[in-house]
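One structure is given here, and the rest of the page talks about it.
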2 protein chains.
Amino acid sequence: MALEHAILVSLAERSASGYDLARRFDASIGHFWKASHQQIYKVLGRMETAGWVTPDVVAQDGRPDKKVYVVTAAGRDELAAWTSRPSTVEPTRSELAVKLRALPFGDTAAITDDVRARRRAHEQQLAYYLESAARFYPRPDDVTADELGGWLVLRGGILAEQTGIAWCDEILQRLVPEADDADR
Amino acid sequence: MALEHAILVSLAERSASGYDLARRFDASIGHFWKASHQQIYKVLGRMETAGWVTPDVVAQDGRPDKKVYVVTAAGRDELAAWTSRPSTVEPTRSELAVKLRALPFGDTAAITDDVRARRRAHEQQLAYYLESAARFYPRPDDVTADELGGWLVLRGGILAEQTGIAWCDEILQRLVPEADDADR
DNA sequence: CGAGCCGCTGCAACCGGTTGCATATCGGGG
DNA sequence: CCCCGATATGCAACCGGTTGCAGCGGCTCG
């Protein structure tokens, strides 16, 4: 129920085509709300019908035409109204948690490898976030009102990845107690 | 693709009816993998067809009959095989993150209230987890092999809730800088 | 005595999202 | 020369999950 609003936010920041949005979702907002390009096109269609956005067909030479979507007044109203509605806490879904409960019935070595892989993934993501933070918000205390949201979202990502790593470390300490940190 | 395995784990720990499973999901595993009773019944049907579980109809007096599902050998094989397959990292979905990006287009006061509500929810969940930890794992260093998974999952929950609270606090510090902690 | 909840199972409709495929043009590399 | 990748949009089938509803016996509370 919220992809509409994620797209609305993204378009409110800057008008874009479905293709642009898909790439933007790959790069920034998408870290906190994934969407495939098919889904984006589908939702854009619905949003156009609802009158939240209007397409602006732009001809390009050497490239296919594109439909640049612009947020309408009704779209901005909806966006503001949405921010005023309380959000529902999204249910956590951790396949790793289920796997941990499956320890007595499965392959401990394989699960350990899985935890290591997850730890690496968390570390990569954390590195990416930290780099983004350094690049876009070099002085966090001085962020403008417009930047504040992006900064806070990034902080959330950083905290979450750090926690993910910490959890993996706790798990690995129990599953391979003899290993030192370098081994993990 | 993993509710099957969550149910398999739960049934491997102890055979149960669909109704029992639904309540169990409300209480423990469900904190990390939600499922409604309708979904559970549907999946149990599929699992029975696949031969992973077999129903054992138990007549009860004063209550409707119940179908107690028991994991078959094939079910245990599948469970073990699943633990050996690498897990896919579930995409994060944070409506709050989207809302933070919507700050320039929305109602800051309403968003602030939302963050406060989330903080309370995280605190409640944390309190619940801490209580569970104290009750079921009073001596974490002495957990048995069978208990280890449950303990580690609980640790993950505790870490996640603490992080959620920390994030909310960072956000509130920026949104209501003049407020002290008691006010939040 | 009736209302309403608890235990217990299930169907049907819908809906958001994924997977796979189609199409068209342009430029670059094997 | 042909294939591939980038740009750009979109349909169709499927699938997991939610919402809403239904049935039925027994218990308790007013």
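The chains referred to below are lettered A, B, ... by the order of the sequence lines, with proteins before strands, and numbering in each begins at 1. All figures in this text were calculated on a predicted structure; none of them were measured in a lab.
- For dG16(C), neither phosphate oxygen OP1 nor OP2 lies less than 4.0 angstrom from any side-chain nitrogen or oxygen of Q39(A).
- Counting heavy atoms from C-beta outward, Y19(B) and K66(B) have side chains that stay 4.5 Å or more apart.
- The number of heavy atoms from other shown groups lying within 6.0 Å of CD (Q124(A)) does not exceed 12.
- For Y41(A), no side-chain nitrogen or oxygen approaches OP1 or OP2 of dG10(D) to under 4.0 Å.
- Salt bridge annotation for D169(B)-R119(B): present, with a cationic side-chain nitrogen under 4.0 angstrom from a carboxylate oxygen.
- Regarding contacts with the backbone of dA6(D), every side-chain N or O of R23(A) stays at 4.0 angstrom or more from both OP1 and OP2.
- K34(B) comes within contact range of no nucleotide atom at all, as no heavy-atom separation falls under 4.0 Å.
- Taking 4.0 Å as the cut-off between side-chain N and carboxylate O, K99(A) and D114(A) count as a salt-bridged pair.
- As rounded to whole Å, 10 Å separates atom P of dT7(D) from atom NZ of K66(A).
- For S36(A) and V68(B), each mapped to the nucleotide of DNA chain C holding its nearest heavy atom, the one lying further toward the 5' end belongs to V68(B).
- Nearest-nucleotide positions on DNA chain C place D20(B) closer to the 5' end than the other of D20(B) and R93(B).
- The base of dT9(C) does not come close enough to the side chain of K42(B) for any donor and acceptor atom to sit less than 3.5 Å apart.
- If you check distances only, the side chain of Q38(B) does reach the base of dG20(D) with a donor-acceptor pair under 3.5 Å.
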